[in-house]
Visitor: 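Just passing along the structure, written as structure tokens.
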Amino acid sequence: MKAALFDFDGVIVDTEPIYDIFWNEAGIRYNTGIPNFADVIKGTTMPDVIKKYFSDRTPEYQQMVLKESAAYESTMPLPPLAGSVQFLRTLKSKGVKIALVTSSDNSKVNRGLRELDLEGLFDTIVTADRITSGKPDPMCYLLAAKDLEEDPENCLVFEDSFAGIQSGNDAGMRVIGLSTTNAPETIQDKVFEVIPDFQEITFEKYLSW
């Protein structure tokens, strides 16, 4: 069986609409000049966001952006995506190796695992704290495959953002796209299959992938 590698936001937790509100408002407040700022940074790590969009600001300003983001993430709701927790537990019960591969940092991920009662479920976890190049770079997924002692072609990735999908594809893995962040028609040519959530996904369906 292929190992299962899961992104966090927009895959396990349905947080993208929540992020949209915060980051679109922040994009205006920080004078980025970029409409719908949330859309352009989805799936990327905060160090990459700072490097790409705030490199012209002072170190003090950059630290302010990081602190405000961290403060928001420490309290933001983390509602599970429909069917995600049960699907994870089903895979685990069937002996599938599973990994969490996210652009979020350890603090947020650890809080999410506690709140969703998923502590100890993943065979490995790759957060922004473990990598030097974030999505769309494939580094995070290749690191997870190495942790699991699996070849990339023997890994199945669940992703929602364009950056995450590219990361999984460039790692040489099969990607299942979640249409939680982008419309199905915008990602269907980039993934093996598009699903809205995990409510109707059975173990037999997983085996077919």
Side-chain angles (χ1 to χ4, degrees), residues 1-19 22 42-47 66-67 69-132 134-135 138-150 152 154-161 163-164 167-168 171 173 175-176 178 180-181 195-203 205-207 209:
M1 291 184 292
K2 289 183 180 293
L5 282 56
F6 291 83
D7 179 36
F8 191 59
D9 293 285
V11 175
I12 295 176
V13 289
D14 192 14
T15 48
E16 293 304 335
I18 302 169
Y19 267 117
F22 173 79
K42 287 182 186 296
T44 56
T45 64
M46 277 308 299
L66 287 171
K67 287 180 180 179
S69 172
Y72 180 73
E73 290 199 344
S74 69
T75 59
M76 66 179 287
L78 299 173
L81 184 67
S84 65
V85 172
Q86 183 56 51
F87 184 63
L88 285 166
R89 289 176 176 154
T90 296
L91 294 186
K92 188 70 172 179
S93 71
K94 299 292 186 179
V96 177
K97 294 180 183 178
I98 56 177
L100 180 61
V101 184
T102 175
S103 297
S104 297
D105 61 20
N106 286 336
S107 177
K108 175 186 166 187
V109 169
N110 289 337
R111 178 169 73 90
L113 295 182
R114 287 194 305 271
E115 292 184 4
L116 299 174
D117 194 24
L118 294 175
E119 290 178 297
L121 190 74
F122 293 97
D123 296 292
T124 190
I125 297 176
V126 177
T127 66
D129 300 278
R130 292 189 61 195
I131 58 174
T132 54
K135 301 171 185 178
M139 180 183 186
C140 54
Y141 280 112
L142 292 174
L143 178 56
K146 183 179 179 181
D147 288 348
L148 297 176
E149 299 182 339
E150 291 285 356
N154 197 34
C155 295
L156 192 65
V157 168
F158 293 90
E159 268 287 0
D160 65 307
S161 68
S167 178
M173 301 175 180
V175 180
I176 303 300
L178 276 294
T180 51
T181 300
I195 59 175
D197 52 43
F198 295 100
Q199 286 190 97
E200 306 297 328
I201 307 303
T202 63
F203 184 63
K205 181 65 173 177
Y206 179 80
L207 292 178
W209 288 331

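Note that the structure is a prediction, hence the values are computed from the model and not measured. Numbers for residues simply follow the sequence, beginning at 1.
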Visitor: Please state whether the rings of F198 and F6 are parallel, tilted or perpendicular, taking 30° and 60° as the class boundaries.
Guide: tilted

Visitor: Given T127, which partner from the list T45, T102, N106 fulfils the side chain to side chain donor-acceptor pair (under 3.5 Å) test?
Guide: N106

Visitor: Are D14 and T180 linked by a side-chain donor-acceptor pair shorter than 3.5 Å?
Guide: no

Visitor: Mind checking the NZ-OG spacing from K135 to S167? Nearest 0.5 Å is all I need.
Guide: 6.0 Å

Visitor: How would you list, by chain and number, every residue that makes a ring pair (Phe, Tyr, Trp, His ring centres under 6.0 Å) with F203, sequence neighbours excluded?
Guide: none

Visitor: Test your reading of the model: is there a side-chain donor-acceptor pair from D123 to the backbone of I98, 3.5 Å cut-off?
Guide: yes

Visitor: Rounded at 0.5 Å granularity, tell me how far CZ in R130 sits from CE in M139.
Guide: 9.0 Å

Visitor: Quick one: CZ on F158 to CG on L88, what's the gap to the nearest 0.5 Å?
Guide: 9.0 Å

Visitor: Minimum heavy-atom separation for V101 and A144, please, with both atom names.
Guide: CG2-CB, 3.7 Å

Visitor: With no hydrogens and no angle check, is any side-chain donor or acceptor of D105 less than 3.5 Å from a backbone partner on K108?
Guide: yes

Visitor: Would a 4.5 Å heavy-atom cut-off, applied to side chains only, mark D117 and R89 as touching?
Guide: yes

Visitor: Answer yes or no: is there a donor N or O on one side and an acceptor on the other, between the side chain of T15 and the main chain of I18, under 3.5 Å?
Guide: no

Visitor: Please name the pair of heavy atoms, one in M1 and one in K94, separated by the smallest distance, quoted to 0.1 Å.
Guide: CE-O, 3.5 Å

Visitor: Taking C-beta and beyond as the side chain, do L118 and L100 meet within less than 4.5 Å on heavy atoms?
Guide: no

Visitor: Once rounded to the nearest 0.5 Å, what's the spacing between atom CH2 of W209 and atom CD1 of I176?
Guide: 5.0 Å

Visitor: Could you tell me which non-hydrogen atom of M173 sits nearest to which non-hydrogen atom of A145, and how far apart they are?
Guide: CE-CB, 3.8 Å

Visitor: Which residue in the set L78, D7, L178, L116 passes side chain to side chain contact (heavy atoms under 4.5 Å, CB included) when paired with I12?
Guide: L116

Visitor: Would you give the length of the straight line joining atom OH of Y206 to atom OG1 of T90, rounded to the nearest 0.5 angstrom?
Guide: 12.0 Å

Visitor: Taking ring pair (Phe, Tyr, Trp, His ring centres under 6.0 Å) as the definition, give me every residue that meets it alongside F22, ordered by chain and number, with sequence neighbours left out.
Guide: Y72

Visitor: Salt-bridged, D147 to K97, with N to O below 4.0 Å?
Guide: no

Visitor: So which atom in S74 and which in A71 form the shortest heavy-atom distance, rounded to 0.1 Å?
Guide: OG-O, 2.7 Å

Visitor: Could you tell me which residues satisfy ring pair (Phe, Tyr, Trp, His ring centres under 6.0 Å) with F8, sequence neighbours excluded, listed by chain and number?
Guide: none

Visitor: Can you measure from OG (S103) to CD1 (I131) and round to the nearest 0.5 angstrom?
Guide: 6.0 Å

Visitor: Which pair of heavy atoms, one from S104 and one from D9, lies closest together, and at what distance?
Guide: OG-OD2, 3.1 Å

Visitor: Please report the shortest heavy-atom distance between N154 and E150, naming the atom on each side.
Guide: ND2-OE1, 2.6 Å

Visitor: Within the 4.5 Å heavy-atom criterion, are L142 and P152 side-chain neighbours or not?
Guide: yes

